[in-house]
Amino acid sequence: MAKSSVAAIDWTTVLLFLLLVGFGWGNIYSASYQNETFSLTDFSLVYIKQGYWILFSIILIIITQAIEVKFYERFAGLIYVISLLSLLGLFVFGKNVNGATSWYTFGPVGLQPSEFAKACTALALAKYLSDMQTNIKLLGHQVRAFLIIVIPAIIIMPQPDPGSALVYAAFFFPLYREGLAAIYLIVGASAAVLFIFTLLFNPLWVVLAIAMIMLLILIKNRKRKPKYSRYILTIIVITGFCFSVNYIFNNVFEQRHRDRFNIVLGKEIDTKGIGYNTNQSEIAIGSGGWTGKGWKEGTQTKGGFVPEQHTDYIFSTVGEEWGFLGASLIIILFMLLLIRLIHLAERQKSQFSRVYGYSVIGILFIHFAINIGMVTGLMPTIGIPLPFFSYGGSGLWGFTVLLFIFIKLDANRVNEW
């Protein structure tokens, strides 16, 4: 890298990345350390493995910064296609781990291509939206953009890995920033709310409540000569959706997903079965109080009450050992990172870089929000890691590549494209 490129790197973002990775490793160490003697070559110890994966992520950072910046835009389509092929190859060559065929194994090392497919999809979407011929306000172009997002999610879903597939909703952030009509977000949010309310209450009562609200709106706007056909069509669509929710929930969702939704919605209480992890996580976080029990002093953590605590539930270790103040610090670091990335995205001179930047923001935000919600019992358990924090080589490498490609683009924003 030239000196000018190094000087142009946003070191604030790099510092936030290093802080999160460092805190993450410290908590992984605490969650998995059992007073054993260790060797730097003992790969049976997760904190040793994570340490090596952190070192390898530094190599990935150097590679992403050494590659010519135009490479990412010029070959975005090819990179995207290769990522799709790697996802499809899992159905033939993938290894089943914990019920999901999401991994390639190379000796002692496992690689999860879905973690890298997010960055590849972000590049492809940025390439498409930055094309001079693309107008996101046109329906045909919207469909093409949606296909770029949906295709990898569809391939990932039957592995099965619904958590990774759900993350692709994050790409609505850049679409909305580039001019996608807000109606899509409104419809999506409304569908999610209706889905939850229909699970909680009788679909008929939900439809009647919506109809009453729309009738009041219609009466209020009667002097403006409203189009009654729109109201009628809306009611018909809402009625069909509400009465299909229970069928979808009972016939499309797997039993474990139904159980997790029912626990979060308070329809079931299961502290020993499917809800055990979440219940123990809440106990661990609550027991930390304001200042926590101290590093490596968490009784819930040391007792192994939260299974695989160093992975998706690593935040419960933070809550127990560092308390409310420590947990707040981690949340603040993530929020500072997201705010900084928004600032970087808005100062980009090329649409390609801006779209990619908002894709990074969306992906990190979805992971962060869902993981924290899952660990605290506010959302169902769907297996989404906390970026830069949870144990796992593929996850750390995928997030590292995702972030540092954007750092490379930002460092070269003043150059001609």
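Remember, it's a predicted structure, so these values are computed and weren't measured experimentally.
- Closest of all the heavy-atom pairs between L125 and S359 is CD2-OG, 4.3 Å.
- In this structure, CG in L329 is found 9.0 Å from CG in L336, a value given to the nearest 0.5 Å.
- Smallest separation of non-hydrogen atoms from Y168 and K118: OH-N, 3.7 Å.
- Inter-residue side-chain proximity for I330 and F315 is flagged as met; some heavy-atom pair is nearer than 4.5 Å.
- A donor and an acceptor atom, one from each side chain of S350 and S353, are located under 3.5 Å apart.
- Counting heavy atoms from C-beta outward, F197 and F201 have side chains that approach closer than 4.5 Å.
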Exercise for review: Check step by step if side-chain contact (heavy atoms from CB on, under 4.5 Å) holds for F116 and L111.
Suggested key: CA-CA 10 Å; F116 300 93; L111 199 65; 3.7 Å; yes
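- The residues E346 and R354 are annotated as not salt-bridged, no charged nitrogen and carboxylate oxygen being separated by less than 4.0 angstrom.
- Annotation for P387 and L364: closest pair CB-CD2, 3.9 Å, computed over non-hydrogen atoms.
- Side-chain contact between I67 and K408: absent, with no pair of heavy atoms (C-beta onward) separated by less than 4.5 Å.
- Note: S164 OG to E115 CD = 5.5 Å, rounded to the nearest 0.5 Å.
- The shortest side-chain heavy-atom distance between F241 and V245 falls under the 4.5 Å cut-off.
- The residue from L87, L90, V167, I155 that alone fulfils the side-chain contact (heavy atoms from CB on, under 4.5 Å) condition with S114 is L87.
- No hydrogens or angles considered: a donor-acceptor pair under 3.5 Å links the side chains of Y184 and Q142.
- Counting heavy-atom neighbours within 6.0 Å of F146 CZ, excluding the residue itself, gives a total above 12.
- In this structure, CG in L409 is found 7.5 Å from CG in L123, a value given to the nearest 0.5 Å.
- Looking only at distances, a side-chain donor or acceptor of Q50 sits under 3.5 Å from a matching main-chain atom of G392.
- With contacts defined as side-chain heavy-atom distances shorter than 4.5 Å, the pair F23/F389 qualifies.
- Nearest approach of A211 to I235, heavy atoms of both residues: CA-CD1, 3.7 Å.
- In this structure a side-chain-to-backbone donor-acceptor pair under 3.5 Å is missing from N412 to V69.
- The aromatic ring centroids of F71 and F75 lie less than 6.0 Å from each other.
- Under the side-chain contact (heavy atoms from CB on, under 4.5 Å) test applied with F404, the options I61, V360, I9, T13 reduce to a single match, I61.
- Looking only at side-chain heavy atoms (C-beta outward), L16 and F334 stay at 4.5 Å or farther from each other.
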Review point. What do the steps show when you test E73 against S130 for side-chain contact (heavy atoms from CB on, under 4.5 Å), and what is the final call?
Key: CA-CA 10 Å; E73 182 176 14; S130 61; 4.0 Å; yes
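- In this structure, the separation between CD1 on I372 and CG on L386 is 5.0 Å, given to the nearest 0.5 Å.
- Across every non-hydrogen atom of I314 and I28, the tightest pair is CD1-N, 3.8 Å.
- Atom CD1 of I58 sits about 9.5 Å away from atom OG1 of T400, to the nearest 0.5 Å.
- Summarising the local packing, CZ of F243 is surrounded by more than 12 heavy atoms from other residues, nucleotides or ligands at distances under 6.0 Å.
- Within the 3.5 Å criterion, the main-chain N or O of I384 finds no donor-acceptor partner in the side chain of H367.
- Here W397 and F56 bring their ring centres to under 6.0 angstrom of each other.
- Test P152, P113, C120 against S86 for side-chain contact (heavy atoms from CB on, under 4.5 Å) and you get one pass: P113.
- To the nearest 0.5 Å, the span separating CD1 on I405 from CD on Q65 amounts to 9.5 Å.
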**Study point:** side-chain contact (heavy atoms from CB on, under 4.5 Å) between F368 and M335, intermediate numbers included
**Key:** CA-CA 9 Å; F368 163 72; M335 294 308 298; 3.9 Å; yes
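- Listed here is the closest heavy atom pair of Y80 and L147: OH-O, 3.9 Å.
- Inter-residue side-chain proximity for D410 and R347 is flagged as met; some heavy-atom pair is nearer than 4.5 Å.
- Ring orientation note: the planes of F406 and Y356 are tilted relative to one another, at an angle of 30° to 60°.
- Using a 4.5 Å heavy-atom cutoff, the side chains of L194 and C242 are in contact.
- Checked against the 6.0 Å centroid criterion, the rings of F171 and Y358 do not qualify as a close aromatic pair.
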Review point. So I407 and F17, side-chain contact (heavy atoms from CB on, under 4.5 Å) or not? Walk me through it.
Key: CA-CA 11 Å; I407 289 176; F17 163 81; over 6 Å; no
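- Y128 pairs by the side-chain contact (heavy atoms from CB on, under 4.5 Å) definition with T134, H141, R144, A145, I148, not counting sequence neighbours.
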Point to revise | CA sep, side-chain torsions, deciding dist, call: N27, E321, side chain to side chain donor-acceptor pair (under 3.5 Å) | key: CA-CA 9 Å; N27 283 278; E321 298 189 347; over 6 Å; no
